[in-house]
Amino acid sequence: MSIQYLGLSEINGPLIALEGVQDASYEEIVEITIDGKREELGRIVECYADKAVIQVFGSTDNMSLRNTHTKLTGHPMEIALSPDILGRTFNGIGEPIDGLGEIVSDIHRNVNGQPMNPVEREYPRNYIRTGFSAIDGLTTLIRGQKLPIFSGNGLPHDQLAAQLVKQASLGEDSGEEFAVVFAAMGVKHDVADFFQRTFEESGVSEHVTMFLNLANDPVVERLITPKVALTAAEYLAFECNMHILVVLTDMTSFAEAMREVSSSKGEIPSRKGYPGYLYSELATIYERAGIIRGKEGSVTQIPILTMPNDDITHPIPDLTGYITEGQVVLDRVLHGQNIYPPISVLPSLSRLMKDGIGEGFTREDHQDLANQLFSAYAKVGDARALASVIGEDELSPIDKKYLVFGRAFEEKFVGQGRNENRTIIETLDMGWELLGLLPREELDRIDTKILDKYYRPQEGKEA
Amino acid sequence: MIRTAEIYGINGPVVYIKGSTDFKMAEMVYVGKERLVGEVIELERDRTTIQVFEETTGLKPGETVTATGDAISVTLAPGILNNIFDGIERPLEEIAKESGAFISRGTKVSSLDTEKLWETHMTVKPGDTVSGGTIICQVQETAAIVHKCMVPPDVKGTVLSVAPDGNYTIQDPIVKVQLMDGSERELTMMQKWPIRIPRPARKRYACTKPLVTGQRILDTLFPIAKGGTAAVPGGFGTGKTMTQHQIAKWSDADIIIYIGCGERGNEMTQVLEDFSKLIDPKSGNPLMDRTTLIANTSNMPVAAREASIYTGVTLAEYYRDMGYDVAIMADSTSRWAEALRELSGRLEEMPAEEGFPAYLASRLSAFYERAGMMLNLNGTEGSVSIIGAVSPQGGDFSEPVTQNTKRFVRCFWGLDKSLAYARHFPAIHWLTSYSEYLTDLAPWYKDYVSRDFVDCRNQLMAILNQESALMEIVKLIGSDVLPDDQKLVLEIAKVIRLGFLQQNAFHPDDTCVPMEKQLKMMQVILYLNTKARTLVTMNMPISVLKEENIFEKVIAMKYDIPNDKPELFDDYMKEIDAFYERVLEKNA
């Protein structure tokens, strides 16, 4: 029987202080009983010889300095794991909320995880077909990658992520070993419902584990949700040999929660009030994607974040971009033109793409074609800027061709149907069709041999 | 004397001890039951502060802290090359053997292999006078590099005995020295050196030799000298890491120390895989044979990230002392600065700009000043060049780390987002970048490349600058209204941008280009400029000139001419002449 401490010495927002504790350890989990009825979990965030500062995952309402019993559990935050977690739904700290009972297992894992040793990593090379031309063709997703979606409020990032999960799972590698871990941090009920429904409709819900911390759930719980989810993902990937796609939404809520707790701890803020360790903390989440040498499974991450005020230089997207291996950026102007998915191609990037495409993976012309599309579309921007000053009619003939190319590129290549699942060959061929709108001497990024083989000018069609 | 104390409080990577202790500043300590490595960073009458280089989860107040008596230091001996370490020189492969795919805490591994026998050739004999830096023996460390073991800087005396040539471990005593005060000391191949103190050298030279990288925009437009410093700032996705990889692969340094400081794990794996496969064109051996990786990825403990930069530069200085040219890639110094900020925040220090501590600038300058071309204590010459990536928040170069770095480096390779978006790589912008080494290196270019080189380079820069001025007008009214001579500037600048500055890291020939080819390419472009200009002054319109495909042809020469066939450039000169004649003839 472990010791219970009666009462507290201080309560400040989600933080409580306990004096006279014995044998407490840093990051240890404590159980708090209020009035002998309600139970909450907490984590020791500062620890001194006679005092511990505890972060409460639930709410501190109704707590007083006298009505609590606090028990030290003697271990850091852990969750029970077994293959049965597939198809189940949990709250933000890993407790089942689907009414199907506890997970019974001998396997308990520390949710904080440990850094993967770089010498034991395997460099990711296999691409995942998502069925979106803009992603497959230009920012190819690689198994074991972390590729976030930078979005804004009101943009269809949820639809994009749901369709991506659906199509990626229905790809040629689908089968038993594929699964999805979905972690929601501070999302609206409707959003959580939408994902749940989509997974059910597409028949993958048996392969989905959900961790839900909704917008009105305790804020501090959010800090632990992605860690719980990734611990489950690592278990499924590296011990059950599955390929796991982790969707984390919305990372902005996670960072906001950090700021809230940090300020109530009285820490010195760095940029825009976020704590100085925001980068390290985000990194401990994102870096948990990857492949381990000699293991079958993999963890691929698709974090979603909403950029406050659509500002890509805001600390959250900015620090994320420095950690993740690229990003897919959504654009409000394209969305306004009713182009779905509204992927802004130029700032989007996949860092691992170069090693996962080309001969033997997709097709020999993939890299050159992608480079040329990027470069040509960048010129479309210049031509449009000029047209807005001097008028379209005054443009040089070549600039006019770029405008035609730009419109076709956005409508046909970027835009596609909400159920349209394109093959990589369809995507690449469409790219060549679009490049056919431009004269050959403009295509300066493509090897001459590849140009001879694939380039077909479409002189007549454009008018 | 064993000095111990009890932990009083724990806050993230910072641990406090209450009451006075005998600990010294910057001393290495073992913390807790698991003996985590830590360093003393603050001493007060009633409180001692320690930063811990490992995860502190599970640590309890009351556990013991033991002092070691030494400052945080690195072990220097054969076995450093072709290896990968964490921020405090623990070999990651050994850690993997002990704790598996994930790095656990308190792993006890020695920095270097103490069992391995090295074939050793002695270079001193009894009776020799030795002092700090004297080379006592040589070991073939890798196929490419001979490791020269030296007398530690603080030892001076006469050799009493020397072991015969043969196989020894790094801990075997091989030389016995009688010190000046009469006492005797056994020397091994191994020595230790505290990471925060620069290793001594006799004299600093001016930097007059370039670090040739095979990257055109660097070698030609903004060269860095051996012993120089450069910063590569750029927002995410602009190609900082790619630039660093290219320099690490192709530069003519003898040794590369690659510090992955707070960056991605997969990137370190990639370096490890690529460099083991790629062959160094100079020596014919795998690139890893001349490389050491220091990997402290973004999710590894933050205090070790702070130390990793110093560990790297100390290893570099050690090889410099042997007479090698060493280049350090630090990717990224911003993560290191953030580690400083994080620790400073935990210590509740008064922040300066954007939460960074006020000592950021002095720490940065102390780091970059450890670069240099040196005359070593033993009379050899070696250099340490530092190339630091900077990741400015929001890609904004006015933030504190970029600004302070700019004060202490002499080369600035500014990466540009709009170039990266258009997939123009390397995305180093020619208008924001600069190199202060150009005048120092001019004599070298004159002697070893060509008398014309610097002149050609300046002409290229002039055209690019003219283009930028003209583009202001073009943005407003379009290019059609420009006079033909200005249109020609735009055309030639395009040839320079696409044909010369843009370089394809994945193309077998274009990834690394010898100086001679760089020169010839410039000469062809400038010759085309001269000839076309003559035509324009004769009132030939640009549209007529562009009917010929000579511009496209010159742009493609980087791919069409193999690196080892510079004589093919003469054909291009002839073709430009032919183009000139044809245009004249047709429009006479």
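In what follows, every chain begins at residue 1, and chains take the letters A, B, ... in the order their sequences are listed. Below, each value reflects all heavy atoms present in this structure, side chains not excepted, and no hydrogens, waters or symmetry copies. What you see is a predicted model; the values in this text were computed from it and never measured.
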Evaluate the side chain to side chain contact (heavy atoms under 4.5 Å, CB included) criterion for residues B/F102 and A/I292: first the C-alpha distance (whole Å), next the side-chain angles of each, then the deciding distance (0.1 Å), finally the verdict.
CA-CA 9 Å; B/F102 295 91; A/I292 293 179; 3.8 Å; yes

What verdict does the salt bridge (charged side-chain N to carboxylate O under 4.0 Å, His left out) test give for B/K546 and A/E441, after you've listed the backbone C-alpha separation in whole Å, the side-chain angles of each residue and the deciding distance to 0.1 Å?
CA-CA 11 Å; B/K546 284 205 73 185; A/E441 56 270 22; over 6 Å; no

Evaluate side chain to side chain contact (heavy atoms under 4.5 Å, CB included) for A/S280 paired with B/R305, printing each intermediate quantity in order.
CA-CA 11 Å; A/S280 303; B/R305 191 196 302 167; 3.2 Å; yes

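The minimum heavy-atom distance linking B/I477 with A/I390 is given by the pair CA-CG2, 3.8 Å. Of all heavy-atom pairs spanning A/S270 and B/E354, the tightest one is CB-O, 3.9 Å.
Looking at A/T448, neither its backbone nor its side chain comes within 4.5 Å of chain B, counting heavy atoms on both sides. Residue A/D355 touches chain B through its side chain alone, counting heavy-atom pairs closer than 4.5 Å. There is no contact between A/P275 and chain B, counting heavy-atom distances below 4.5 Å. There is no contact between B/E353 and chain A, counting heavy-atom distances below 4.5 Å. Within the 4.5 angstrom heavy-atom criterion, no atom of B/E55 approaches chain A. For a residue to count as touching a neighbouring chain, one of its non-hydrogen atoms must lie under 4.5 Å from one of that chain's; by this rule A/Y377 does not touch chain B. Neither the backbone nor the side chain of A/A385 comes within contact range of chain B; no heavy atoms are under 4.5 Å apart. Looking at A/K354, the atoms closer than 4.5 Å to chain B (heavy atoms on both sides) all sit in the side chain, from C-beta outward. Using a 4.5 Å cut-off between heavy atoms, B/P392 touches chain A through backbone and side chain atoms alike. With a 4.5 Å cut-off on non-hydrogen atoms, A/E120 touches chain B through its side chain but not through its backbone. Heavy atoms closer than 4.5 Å to chain B are found in both the backbone and the side chain of A/Y277. Contacts between B/L498 and chain A at a heavy-atom distance below 4.5 Å involve the side chain alone, from C-beta outward. When heavy atoms are compared at a cutoff of 4.5 Å, A/A283 approaches chain B by way of both its backbone and its side chain. For B/L92, the parts lying near chain A are the backbone and the side chain together; criterion is any non-hydrogen pair under 4.5 Å. Using a 4.5 Å cut-off between heavy atoms, B/L272 contacts chain A through its side chain alone, with no backbone atom that close. Heavy atoms of B/Y8 lying under 4.5 Å from chain A belong to its backbone as well as its side chain. Looking at A/K146, the atoms closer than 4.5 Å to chain B (heavy atoms on both sides) all sit in the side chain, from C-beta outward. Both the backbone and the side chain of B/A96 come within contact range of chain A, with heavy atoms under 4.5 Å apart. For a residue to count as touching a neighbouring chain, one of its non-hydrogen atoms must lie under 4.5 Å from one of that chain's; by this rule A/P347 touches chain B with backbone and side chain alike. Residue contact with chain A, scored on non-hydrogen atoms closer than 4.5 Å, involves the side chain of B/D480 exclusively. Only the side chain of A/R125 comes within less than 4.5 Å of a heavy atom in chain B; its backbone stays farther off. For a residue to count as touching a neighbouring chain, one of its non-hydrogen atoms must lie under 4.5 Å from one of that chain's; by this rule A/L346 touches chain B with backbone and side chain alike. The contact between B/Q270 and chain A is made by backbone and side chain atoms together, counting heavy-atom distances below 4.5 Å. In this structure, the portion of B/F506 lying under 4.5 Å from any heavy atom of chain A is its side chain and not its backbone. Neither the backbone nor the side chain of B/K18 comes within contact range of chain A; no heavy atoms are under 4.5 Å apart.
Comparing B/E263, B/E348, B/R335 by how many heavy-atom pairs each has under 4.5 Å with chain A, the most go to B/R335. By number of non-hydrogen pairs under 4.5 angstrom with chain A, the leading residue of B/Q393, B/M268, B/E552, B/M300 is B/Q393. Chain A forms more heavy-atom pairs under 4.5 Å with one residue of B/L293, B/N504, B/V302, B/T56 than with any other, namely B/T56. Among the candidates B/G345, B/G499, B/G235, the residue making the largest number of heavy-atom pairs closer than 4.5 Å to chain A is B/G235. The candidate from B/G478, B/P61, B/G355 with the greatest count of non-hydrogen atom pairs under 4.5 Å with chain A is B/P61.
Put simply, CD on A/E46 and CZ on B/R346 are 8.5 Å apart, with the number rounded to the nearest 0.5 Å. Here B/K60 contributes atom NZ and A/D23 contributes atom CG; the two are 3.5 Å apart, rounded to the nearest 0.5 Å. With rounding to the nearest 0.5 Å, the separation of OG1 in B/T297 from CD in A/E287 is 5.5 Å. The CG atom of B/N299 sits 11.0 Å away from the CD atom of A/E281 when rounded to the nearest 0.5 Å. One distance of note links CG of A/D444 with CZ of B/F551; it measures 14.5 Å at 0.5 Å rounding. Distance OH/B/Y421 to OG/A/S375: 16.0 Å, rounded to 0.5 Å.
Between A/R271 and B/E399, none of the side-chain N atoms (NZ, or NE/NH1/NH2) sits under 4.0 Å from a carboxylate O, so this pair counts as no salt bridge.
Between the side chains of B/T241 and A/R351, no donor-acceptor pair is found at a separation under 3.5 Å.
With hydrogens and angles disregarded, a donor-acceptor distance shorter than 3.5 Å links the side chain of B/T269 to the backbone of A/P118. The closest donor-acceptor contact from the side chain of B/R264 to the backbone of A/T324 lies under 3.5 Å. At least one donor-acceptor pair under 3.5 Å links the side chain of A/Y26 to the backbone N or O of B/G12. The main-chain N or O of A/R445 is never found under 3.5 Å from a side-chain atom of B/R423 such that the two would form a donor-acceptor pair.
Ring planes of B/Y16 and A/Y48: parallel class, angle under 30° (limits at 30 and 60°).
Annotation: side chain of A/N117 is in contact with side chain of B/I95 (closest heavy-atom distance under 4.5 Å).
Atom CD of A/E296 has 12 or fewer neighbouring heavy atoms from other residues, nucleotides or ligands inside a 6.0 Å radius.
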